[in-house]
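Worksheet: the structure to be examined is printed underneath.
Everything numeric in this text was worked out from a predicted model, so none of it was measured. In what follows, chains carry the letters A, B, and so on, assigned in the order in which the sequence lines appear, proteins first and then strands, with residues in each chain numbered from 1.
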There are 2 protein chains.
Amino acid sequence: MTSITGDQALVKKINTSIVLNTITRYAPLSRAKVSELTGLNKATVSNLVQELCDHHLVEEIGPGESRGGRKPRLLLFNGKAGCAVGIEIRLTQMVGVLTDLEGNILAEEEKQLERHDLSFVLETMTQMIQALMGMAPASPYGVVGVGVGVPGMVDGEGNILYAPNLGWEMAPMRQLLEDKLGIQVTIDNEANAGAQGEFRFGAGRDAKHLLYISAGSGIGSGIIINGELYKGARGYAGETGHMTIEADGRACTCGNRGCWELYASEKTYASAAPPLPSRHTRELVSHAQHEHPQVVRHFADMGRFLGVGITNLVNSFNPQRVVIGGPLADARPWIAGAMETVVSQRTLPYHREVMEITFAELGSRSTVIGAAYSAISLFLGPVRVSTM
Amino acid sequence: MTSITGDQALVKKINTSIVLNTITRYAPLSRAKVSELTGLNKATVSNLVQELCDHHLVEEIGPGESRGGRKPRLLLFNGKAGCAVGIEIRLTQMVGVLTDLEGNILAEEEKQLERHDLSFVLETMTQMIQALMGMAPASPYGVVGVGVGVPGMVDGEGNILYAPNLGWEMAPMRQLLEDKLGIQVTIDNEANAGAQGEFRFGAGRDAKHLLYISAGSGIGSGIIINGELYKGARGYAGETGHMTIEADGRACTCGNRGCWELYASEKTYASAAPPLPSRHTRELVSHAQHEHPQVVRHFADMGRFLGVGITNLVNSFNPQRVVIGGPLADARPWIAGAMETVVSQRTLPYHREVMEITFAELGSRSTVIGAAYSAISLFLGPVRVSTM
DNA sequence: TTACTTTGTTTAACCAATAGACAAAGTCGA
DNA sequence: TCGACTTTGTCTATTGGTTAAACAAAGTAA
């Protein structure tokens with residue numbers, strides 16, 4: 001067993017984490033304000049801030065306005081103390097970013113993926129990571145880690161269990177990358193990373209319970225509960241694309257019937273009758289912009305089915321906010337209306353009251369930024385305590 | 001903000017909780033074993049155990065077998081240090097139990113409920129609680145609290161937001177009961193309480209991620225994540241009965257269509273064609289025992305639809321175990337087969353691998369025992385720390 | 001009887017948070 | 001300009017928890 005036991009080191013870790021979080025959230029602010037906000041003693045705050053300054057994670061930016069007494073010495077989280085790399089593997093391309101510790105993008109790379117075999121992708125990825133690391137400005141910590149978002153199921157050890165669209169099974173990606181790069185790596189499911197990105201830097205910033213829907217070639221979702229990513233018993237909760245919304249519906253490759261993603265993802269393009277003018281969301285969006293009636297109708301249908309699935313998830317999870325991301329978010333103008341109508345008709349009134357539905361603020365970068373944040377989070381090492 | 005900050009008192013609370021949990025789980029065992037299992041220093045364990053003994057929560061039961069050295073002095077959690085009362089409000093009756101701190105039932109009461117108005121139910125409940133409290137044996141702490149399981153949505157403050165079957169809305173039940181009884185009260189949703197009961201004392205004992213399905217007049221579910229009950233943004237996650245499994249299915253009173261509980265709960269009895277010989281599960285079960293073909297077929301159909309909904313939840317939550325409870329669990333022999341077939345056909349293989357489906361071990365007492373445990377849990381005050 | 005084990009307690013040291021005193025640096029009214 | 005008051009941040013002694021290490025207690029085995 002040997003769970004985490006309590007000692008003074010833990011106390012210090014907890015309080016340091018509280019102080020750092022408070023500073024990032026309410027910056028710029030004084031030590032006195034931190035003390036007031038956290039309930040920690042002024043002396044304690046002073047000591048911890050001193051240490052954070054020594055470690056370059058917090059900076060003093062000079063005096064602020066006095067309100068009838070000594071001027072406060074304002075503190076700031078030093079996002080420039082280090083960088084992180086985020087990578088997203090998509091079906092036809094790989095994207096990567098270099099961010100600072102606050103999630104600001106410093107550099108961006110993109111590359112087409114002609115092949116999907118593991119060794120090729122790994123090689124491409126290594127090159128991209130090294131290129132991005134090379135662009136990192138000088139900083140106390142340098143690149144603190146690499147985060148990767150993958151369209152597939154990932155366990156807690158960073159092994160890719162199953163990525164049907166890439167044809168991978170049981171790939172120990174974290175280990176492989178760490179051995180190659182000699183730096184800390186975290187692997188996440190694409191939707192989970194997207195959830196983290198929007199939760200930390202995008203449309204979900206002040207929601208403790210967030211549901212992120214990644215709609216594209218399939219549907220995945222990332223669930224944030226109590227500010228933490230929920231990963232399920234073996235690390236792959238959120239495979240909601242295979243939720244049944246028609247008990248006797250069309251057969252899915254997963255073995256189930258009537259799966260949500262057969263009705264509300266890009267998978268609908270192939271089976272549409274009569275055939276759609278394209279099978280790519282980007283082109284269909286431009287058709288919709290020219291008011292192509294069939295395309296507009298198709299998007300509305302997808303919106304309707306999206307709403308059905310979202311309703312199910314909302315009734316089960318009771319989130320504060322639902323964020324819709326992924327390639328289909330580009331079709332927002334044509335799907336949002338139908339979706340919102342269905343959701344407001346179908347969800348239980350008490351759920352609706354506390355829930356908002358929004359679209360991703362980070363656009364197509366939700367996942368890649370979320371992946372980078374996974375690495376940052378690991379570096380900063382947050383601690384959570386809950387007393388019941 | 002003023003979150004929980006770290007200080008020595010917190011450390012002590014954490015470690016006391018760890019020690020107490022270790023003793024309850026691995027009892028009987030020695031101080032040395034506790035130290036080894038927890039990683040805490042022997043001296044720390046000795047001190048904390050001393051204090052727990054002083055508070056009558058732990059007892060020494062004498063020496064154990066020596067293994068080549070001094071004989072260990074074996075410790076036991078003292079479940080007799082206090083009692084708790086658990087109450088469950090059902091549609092036609094109220095049941096109550098008096099338990100010790102280990103969930104053992106010491107006394108049991110049952111009463112028919114002719115009416116559902118709040119004041120009548122409250123009065124009946126008060127009488128039952130006082131009767132049960134009167135039966136409590138002498139103990140250091142006496143009755144430490146009362147837990148209530150209610151068929152409806154409950155917020156974090158113990159207010160019943162909405163209980164359609166009882167016709168209640170916005171009832172501040174916890175406050176009302178505490179004022180009347182002068183003792184700590186916790187209110188939980190019926191399915192959440194059931195989940196706690198099975199998780200702590202029944203079929204879910206060693207599952208960290210548990211999904212409890214309460215199937216009866218409707219379907220509710222309790223979700224335990226990481227050993228903790230998940231309650232959602234405002235305290236009422238798990239309203240899974242209103243999950244759509246037929247996008248264009250029958251209309252439900254909730255405003256949605258094709259809700260799960262229209263196909264897999266006692267609600268199916270009314271609309272069956274030709275009419276079933278009864279509309280009560282108990283009687284239908286006895287018909288099934290006499291191999292009444294229509295009833296057997298009806299149960300199988302319900303099992304099939306139960307399976308569809310369970311598949312959805314499993315794909316979303318990836319639990320370690322699914323426990324099926326509630327009145328419909330009595331029809332297990334006729335629903336289990338169809339349900340299991342559907343689940344094994346439909347769930348993603350990776351989910352299936354780590355998941356078991358079982359039926360409630362506490363029978364019809366899951367909820368009432370779980371409600372009592374809520375009160376016990378509040379009294380013992382567990383603390384959880386997670387470092388990421 | 002002796003050597004070795006295992007259990008549990010005692011002791012002194014350590015260290016983080018804290019209250020409260022205090023120093024530093026300001027505002028504001030007369 | 002002066003003095004009273006405020007606010008910020010540091011310093012000091014105290015408290016109270018964990019810990020390592022020594023030690024005492026109580027056993028086994030040869």
Taking 4.0 angstrom as the limit, do Glu59(B) and Lys80(B) come out as a salt bridge?
-> no
Judged by nearest nucleotide, the residue sitting upstream toward the 5' end of DNA chain C, Gly69(A) or Lys42(A), is Lys42(A)
For this session: Test side chain to side chain donor-acceptor pair (under 3.5 Å) on Gln196(B) and Ser374(B) and set out the steps.
Result: CA-CA 8 Å; Gln196(B) 289 240 53; Ser374(B) 278; 3.3 Å; yes
Next on the checklist: Classify Lys12(B) by what it touches in the nucleic acid, base, sugar-phosphate, or nothing, heavy-atom distance under 4.0 Å.
Outcome noted: sugar-phosphate
Rounded to whole Å, CG of Leu10(A) lies from P of dC14(C) at a distance of 22 Å
When rounded to whole Å, the CG to C1' distance for the pair Leu40(A) and dT18(C) reads 11 Å
When rounded to whole Å, the CD to C1' distance for the pair Gln8(A) and dT19(D) reads 10 Å
From NZ of Lys33(A) across to C1' of dG9(D) the rounded distance in Å is 15 Å
Considering every strand and a 4.0 Å limit on heavy-atom distances, what is the contact class for Ala43(A): base, sugar-phosphate, or nothing? base
In whole angstroms, the gap separating P of dC22(C) from CZ of Arg70(A) amounts to 17 Å
note: Asn41(B), atom CG; dT7(C), atom P; distance rounded to Å ~ 15 Å
ask   = If you look at every strand shown and take non-hydrogen atoms under 4.0 Å, does Ser30(B) touch a base, only sugar-phosphate, or nothing?
value = sugar-phosphate
Regarding the side chain of Leu48(A), the nearest nucleotide among dA17(C), dG8(C), dG9(D) is dA17(C)
Just to be sure I understand the rule, does Asp7(A) reach a base, reach only the sugar-phosphate, or reach nothing, if contact means heavy atoms closer than 4.0 Å? sugar-phosphate
Closest to the side chain of Arg73(B), out of dT8(D), dT9(C), dT7(C), is dT9(C)
Check your understanding: Do Val144(A) and Leu101(A) have side-chain heavy atoms sitting under 4.5 Å apart?
Key -> yes
Side chain to side chain contact (heavy atoms under 4.5 Å, CB included) between Tyr141(A) and Phe379(A): does it pass, once the steps are laid out?
CA-CA 10 Å; Tyr141(A) 292 100; Phe379(A) 169 69; 3.6 Å; yes
Here the distance between atom C1' of dG17(D) and atom CD1 of Ile18(B), to the nearest Å, is 14 Å
The nucleotide from dT7(C), dA16(C), dG27(D) with an atom nearest the side chain of Pro72(B) is dT7(C)
Report task. Have a look at Asn47(A) and say if it touches a base, only the backbone sugar-phosphate, or nothing, with a 4.0 Å heavy-atom cut-off. Result -> nothing
Judged by nearest nucleotide, the residue sitting upstream toward the 5' end of DNA chain C, Ala9(A) or Gln50(B), is Gln50(B)
Under 4.0 Å, heavy atoms only, any strand: does Thr44(A) hit a base, just the sugar-phosphate, or nothing?
base
Separation of dA17(C) atom P from Ile14(A) atom CD1, nearest Å, is 10 Å
Exactly one candidate in Leu211(B), Asn192(B), Leu229(B) meets side chain to side chain contact (heavy atoms under 4.5 Å, CB included) with Ile224(B); the answer is Leu229(B)
Query raised in the report: Is the phosphate of dT18(D), meaning OP1 or OP2, less than 4.0 Å from a side-chain N or O of Asn15(B)?
Result: yes
